[in-house]
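Quick caveat, the model's predicted, so the values are computed rather than measured.
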Amino acid sequence: MTLVVALPNLSLEAIREMLDITQVRVQDTQFYKDVFQKGQEQGLEQGLERGESELLLRLLTRRCGELSEEQRQRVKDLSAPQREALAEALLEFKGMEDFQAWLQ
């Protein structure tokens, strides 16, 4: 239990010394591979979300005109289903009034 509690506060070198694994390449361990893969998956997901938001913002600007910083932030804060719903609704927008109504 002490090791689990201490891990978040220890450096990689401190953990290697504590476990006496100074001769092992960390990159070759399954733990490292699992953590690395999870990080890649999370990074990909975050990148896709950011890309969707940026595309929506460009389309909204083109259809509705320049957006305020508050409106831009609200789009960035949307969940995946909300972004999808906005993308569908955007096809019918005629201007800023439609976007403002959608935000309500």
Side-chain angles (χ1 to χ4, degrees):
M1 184 61 133
T2 305
L3 179 62
V4 173
V5 173
L7 282 177
N9 301 319
L10 295 177
S11 68
L12 175 59
E13 283 307 311
I15 293 170
R16 290 178 76 171
E17 287 178 25
M18 179 187 298
L19 299 176
D20 194 27
I21 55 171
T22 55
Q23 303 303 316
V24 176
R25 278 179 23 106
V26 175
Q27 297 89 335
D28 295 334
T29 66
Q30 188 60 48
F31 175 76
Y32 177 88
K33 292 173 185 175
D34 291 346
V35 169
F36 187 79
Q37 180 179 356
K38 184 148 181 93
Q40 282 185 316
E41 290 169 1
Q42 288 177 344
L44 178 60
E45 184 178 323
Q46 290 172 350
L48 288 172
E49 289 175 4
R50 189 175 306 126
E52 288 174 352
S53 293
E54 290 301 319
L55 178 58
L56 275 171
L57 288 168
R58 287 197 328 259
L59 293 172
L60 281 164
T61 299
R62 188 169 185 163
R63 178 67 58 112
C64 302
E66 199 59 39
L67 305 178
S68 70
E69 190 54 41
E70 178 187 347
Q71 290 169 324
R72 295 178 65 77
Q73 190 58 51
R74 289 192 59 191
V75 170
K76 290 177 183 179
D77 291 341
L78 294 175
S79 66
Q82 290 171 321
R83 286 191 306 272
E84 187 175 321
L86 177 55
E88 292 276 335
L90 176 59
L91 296 172
E92 305 296 324
F93 287 179
K94 304 238 184 305
M96 183 60 77
E97 298 79 26
D98 293 327
F99 175 52
Q100 289 172 330
W102 188 89
L103 287 173
Q104 302 303 324

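Through direct or relayed side-chain contacts under 4.5 Å between Ile, Leu, Val, Met, Phe, Trp and Tyr, Leu48 connects to Leu44.
A 6.0 Å sphere centred on CD of Glu41 holds more than 12 heavy atoms belonging to other residues, nucleotides or ligands. Gln82 CD: more than 12 foreign heavy atoms inside a 6.0 Å radius. Atom CD of Gln30 has more than 12 heavy atoms from other residues, nucleotides or ligands within 6.0 Å. Within 6.0 Å of the CD atom in Glu70, the count of heavy atoms belonging to other residues, nucleotides or ligands does not exceed 12.
Nearest heavy-atom pair, Phe99 versus Phe93, reported as atom, atom and distance to 0.1 Å: CA-CE1, 3.6 Å. Considering all non-hydrogen atoms of both residues, Arg63 and Leu91 come closest at NH1-O, 3.5 Å. The two residues Gly95 and Cys64 have their closest heavy-atom pair at O-SG, 3.5 Å.
The OG atom of Ser68 sits 9.5 Å away from the CZ atom of Arg72 when rounded to the nearest 0.5 Å. Put simply, CD on Gln37 and NZ on Lys33 are 11.0 Å apart, with the number rounded to the nearest 0.5 Å. To the nearest 0.5 Å, atoms NZ (Lys76) and CZ (Arg50) are separated by 9.5 Å. To the nearest 0.5 Å, the span separating CD on Gln73 from CG on Leu57 amounts to 9.5 Å.
Contact of the Leu78 side chain with the Glu52 side chain is not registered, since no non-hydrogen atoms from C-beta on lie closer than 4.5 Å.
Side-chain polar atoms of Gln104 and Gln100 form no donor-acceptor pair below 3.5 angstrom.
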request  = Would you sort out whether Met96 and Leu67 count as a side-chain contact (heavy atoms from CB on, under 4.5 Å), showing the intermediate values?
outcome  = CA-CA 9 Å; Met96 183 60 77; Leu67 305 178; 3.7 Å; yes
ask   = Are Asp98 and Glu92 close enough, and set up right, to give a side-chain contact (heavy atoms from CB on, under 4.5 Å), and what steps lead you there?
value = CA-CA 8 Å; Asp98 293 327; Glu92 305 296 324; over 6 Å; no
